[in-house]
Amino acid sequence: MKKVCVVTGTRAEYGLLYPVLKKINNDSELSLQLVVTGTHLSPEFGYTISEIEKDGFNISSKIEILLSSDTSVGVCKSMGLANISFSETFDRLKPDIVILLGDRFEAFCAASVATVCNIPIAHLHGGETTEGAFDEAFRHSITKMSYLHFTSTEAYRKRVIQLGEDPKRVFNVGALGVENIKRIKLLDKESLEKKLDFNLNDKLFLITFHPTTLEKNTSKNQFSEILKALDNFNAKLIFTKANSDKDGRIINYMIDEYVKNRNNAIAFKSMGILNYLSAMKYSSLVIGNSSSGIIEAPSFKIPTINIGDRQRGRIQAESVINSKPLYHDIRLAIERGISKEFNNYIKDMTNPYGNGNTSQKVIDII
């Protein structure tokens with residue numbers, strides 16, 4: 001049997017990888033090795049390894065790398081720990097191939113070690129651009145270290161080939177996030193309200209904002225502008241907290257302070273893929289700079305207010321409204337997003353990120 005090692009370091013990444021993990025587990029020719037690291041092992045970020053265990057997956061290795069710091073030095077030290085730990089883990093597990101998704105520093109470290117150890121890498125979501133984050137450099141670096149490439153659009157497939165990769169090993173398979181929307185039986189509104197312990201009215205905003213890591217010390221000011229703009233609207237607010245990027249804790253502290261004395265707002269370290277997509281289904285807007293607003297939200301025909309430069313350069317559906325991280329621009333973008341005219345305009349659009357059968361394509365090719 002081929003030993004297929006899958007690395008996951010964040011809640012969002014695991015949610016995307018879930019259908020791939022299930023298909024590997026159910027394939028008689030493949031043996032799953034699941035390596036869990038990053039924020040999954042941190043109580044501060046929801047200790048989401050418990051969700052993985054609840055889903056019934058056998059975890060082959062737990063790699064502790066996070067320090068209690070979100071500074072540049074802290075992230076760099078975490079990367080050093082990751083390199084040491086991945087080398088030990090891969091030497092023990094001896095996988096035939098390693099599957100990595102995206103562009104985070106955990107994936108970059110795993111790719112670096114796998115390359116030195118001569119372990120082939122299958123990379124998901126290569127060729128994309130996120131010009132406001134150092135993930136951009138990590139992603140293209142992982143591409144150059146990878147053997148198989150699974151892109152989410154044809155344009156990204158062409159970009160990977162432009163980077164010098166063999167076209168015979170580059171496949172446009174669509175986005176796993178779109179598959180999750182089609183695969184998961186989402187909660188009805190009443191069930192979602194019970195699970196979240198939060199009443200949802202007709203207008204709901206789902207908000208996720210991460211640091212723009214190529215900018216210096218902008219997180220606090222930019223998120224302040226967002227919160228000020230939100231105060232103009234009579235809506236229920238669901239915040240999902242920032243990840244472990246540099247300055248992420250600043251945003252999370254501001255979220256906690258904002259929701260503390262409000263009955264129209266609630267915050268989560270991690271909602272889980274079922275609750276998150278169910279909340280998205282009933283949202284009037286997705287607001288922030290998460291990739292889910294670019295990739296998943298268009299499948300629900302829901303407008304996205306994409307703020308700042310973190311996602312700049314990604315292919316976007318017509319439902320995405322780009323805004324500068326300034327109060328006036330954000331307020332105008334929200335007004336446009338909730339308007340009847342804009343929602344009528346996007347109701348017949350198609351999501352550029354595929355039709356939802358990504359995981360089976362990936363497994364067949366592997």
Side-chain angles (χ1 to χ4, degrees), residues 1-9 13-14 16-25 27-38 60-61 63 79 82-83 85-130 135-176 179 353-354 357-366:
M1 295 178 72
K2 292 181 181 177
K3 292 181 288 184
V4 181
C5 180
V6 182
V7 177
T8 176
E13 176 190 67
Y14 170 71
L16 295 174
L17 285 169
Y18 179 88
V20 174
L21 296 171
K22 289 293 286 185
K23 284 187 168 63
I24 295 172
N25 243 1
D27 195 300
S28 60
E29 297 180 28
L30 303 177
S31 174
L32 175 64
Q33 298 176 328
L34 183 56
V35 175
V36 177
T37 186
S60 304
S61 184
I63 298 180
M79 292 175 70
N83 277 326
S85 301
F86 278 121
S87 64
E88 295 169 345
T89 295
F90 291 162
D91 182 62
R92 176 172 60 84
L93 296 179
K94 295 180 171 52
D96 294 303
I97 193 167
V98 174
I99 294 180
L100 302 173
L101 185 149
D103 48 27
R104 287 186 53 78
F105 71 83
E106 303 96 335
F108 173 77
C109 294
S112 301
V113 172
T115 298
V116 174
C117 295
N118 292 319
I119 304 168
I121 298 166
H123 185 213
L124 289 149
H125 279 276
E128 301 179 11
T129 55
T130 47
D135 300 352
E136 166 97 351
F138 289 157
R139 185 188 305 104
H140 295 328
S141 298
I142 296 169
T143 288
K144 294 308 298 179
M145 292 186 278
S146 297
Y147 180 76
L148 292 175
H149 307 271
F150 300 114
T151 69
S152 60
T153 72
E154 185 61 24
Y156 295 147
R157 177 180 177 273
K158 291 177 179 177
R159 183 172 289 136
V160 169
I161 293 169
Q162 286 177 329
L163 287 168
E165 299 306 294
D166 186 344
K168 294 178 182 176
R169 293 187 276 106
V170 188
F171 306 90
N172 172 22
V173 297
L176 286 166
E179 176 172 350
Y353 286 94
N357 60 344
T358 298
S359 64
Q360 191 58 56
K361 293 178 181 178
V362 170
I363 297 303
D364 290 344
I365 292 164
I366 287 177

**Report entry** side chain to side chain donor-acceptor pair (under 3.5 Å) pairs, two or more places apart, involving residues 159-168
**Finding:** K144-E165, H149-E165

Query raised in the report: Any side chain to side chain donor-acceptor pair (under 3.5 Å) pairs touching residues 115-126, not counting sequence neighbours?
Result: H125-E128

**Report entry** Sequence-distant partners of E13, salt bridge (charged side-chain N to carboxylate O under 4.0 Å, His left out), two or more places apart
**Finding:** none

Requested in this report: Could I get the full list of salt bridge (charged side-chain N to carboxylate O under 4.0 Å, His left out) partners for E88, not counting sequence neighbours?
Outcome: none

With heavy-atom distances below 4.5 Å as the criterion, would you say the side chains of [X] and [Y] are in contact?
X: M79; Y: F108; result: yes
X: V35; Y: C5; result: yes
X: L21; Y: Y14; result: yes
X: I366; Y: I99; result: yes
X: V98; Y: V113; result: no
X: T129; Y: E136; result: yes
X: V4; Y: D96; result: no

Requested in this report: Could I get the full list of side chain to side chain donor-acceptor pair (under 3.5 Å) partners for T37, not counting sequence neighbours?
Outcome: none

Report summary line: The side chain to side chain donor-acceptor pair (under 3.5 Å) partners of K23 (sequence neighbours excluded) come to S359

Query raised in the report: Does K158 NZ have over 12 foreign heavy atoms under 6.0 Å away?
Result: no

Query raised in the report: In Å, rounded to the nearest 0.5 Å, how long is the span from CG of D364 to CZ of F171?
Result: 11.0 Å

Query raised in the report: About how many Å separate CG of L101 and CG of L17, when rounded to the nearest 0.5 Å?
Result: 5.0 Å

Where the side chain of [X] meets the backbone of [Y], is there a donor-acceptor pair that is under 3.5 Å apart?
X: S146; Y: L148; answer: no
X: S152; Y: Y353; answer: no
X: K3; Y: K94; answer: yes

Query raised in the report: Within 45 degrees of the axis of the six-membered ring of Y147 and under 6.0 Å from its centre: does R169 put its NZ or CZ there?
Result: yes

Report task. Might you point out which heavy atoms bring A110 and L100 nearest each other, and give the distance in Å? Result -> CB-CD2, 3.8 Å

